[in-house]
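Okay, structure first, notes after.
Starting from 1, each residue takes its place in the sequence as its number. Just the heavy atoms: all of them, side chains too, but no hydrogens, waters or symmetry mates, feed the values below.
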Amino acid sequence: MSNIKVDTVLCINGSVKIVFYTPGQCWQFRVISRTGAIFGEQKIYYSASAALNGMALR
């Protein structure tokens, strides 16, 4: 079982941004577009707010 913590889920104009924490990768985010494509980077953020500001939803 994985210890993933979801901190934020934002829905804007049909896209969803999820900010989450994993012990091995710290804070990260992913964006799910209206078409179902998933975007994100393997960049590590050291706080949930830094990950939240990592990529703006349009």
Side-chain angles (χ1 to χ4, degrees):
M1 184 175 182
S2 180
N3 290 328
I4 297 173
K5 175 185 174 184
V6 174
D7 181 81
T8 305
V9 177
L10 290 174
C11 299
I12 300 174
N13 297 327
S15 293
V16 178
K17 185 173 188 175
I18 302 169
V19 174
F20 60 95
Y21 177 87
T22 62
Q25 296 294 319
C26 294
W27 291 99
Q28 294 189 20
F29 70 88
R30 296 294 182 270
V31 176
I32 304 170
S33 72
R34 290 180 226 169
T35 62
I38 300 173
F39 300 95
E41 303 170 342
Q42 291 296 323
K43 194 170 182 182
I44 293 174
Y45 297 93
Y46 293 101
S47 70
S49 61
L52 183 63
N53 293 317
M55 181 176 147
L57 287 177
R58 292 181 177 109

- Give a yes/no verdict on a cation-pi contact between Lys17 and Phe29, requiring under 6.0 Å between NZ or CZ and the six-membered ring centre and an angle within 45° of the axis.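 The answer is yes, since Lys17 meets both limits relative to Phe29.
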
- Query: Does Phe20 belong to the same Ile/Leu/Val/Met/Phe/Trp/Tyr cluster as Tyr46, with side-chain heavy atoms less than 4.5 Å apart forming each link?
  - Reply: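 Different clusters.
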
- Query: Do you reckon Ile44 sits in the same ILVMFWY cluster as Val19, going by side-chain contacts under 4.5 Å, direct or chained?
  - Reply: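 Unlinked, Ile44 and Val19 end up in two clusters.
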
- Can you check side chain to side chain contact (heavy atoms under 4.5 Å, CB included) on Tyr45 and Cys26, steps first, answer last? CA-CA 6 Å; Tyr45 297 93; Cys26 294; over 6 Å; no

For residues [X] and [Y], report the shortest heavy-atom separation together with the two atoms involved.
X	Y	value
Ser15	Ser33	OG-CA, 3.8 Å
Glu41	Gln28	O-OE1, 3.9 Å
Ser47	Ala50	OG-N, 3.1 Å

- Query: When you look at Val6 and Ile18, which way does the side chain to side chain contact (heavy atoms under 4.5 Å, CB included) test go after all the steps?
  - Reply: CA-CA 7 Å; Val6 174; Ile18 302 169; 4.0 Å; yes

- Message: Working note: Val16 + Val9, criterion side chain to side chain contact (heavy atoms under 4.5 Å, CB included); need CA distance, chi angles, decisive distance, verdict.
- Response: CA-CA 7 Å; Val16 178; Val9 177; 3.9 Å; yes

- Query: Which is it for Asp7 and Leu52 under the side chain to side chain contact (heavy atoms under 4.5 Å, CB included) test, yes or no, and what are the steps along the way?
  - Reply: CA-CA 9 Å; Asp7 181 81; Leu52 183 63; over 6 Å; no

- Message: According to side chain to side chain donor-acceptor pair (under 3.5 Å), who are the partners of Thr8, at least two apart in sequence or on a separate chain?
- Response: none

- Item | Set of side chain to side chain donor-acceptor pair (under 3.5 Å) partners for Thr22, sequence neighbours left out | none

- Partner residues of Tyr21 under the ring-ring contact (aromatic ring centres under 6.0 Å, His included) criterion, sequence neighbours left out: Trp27

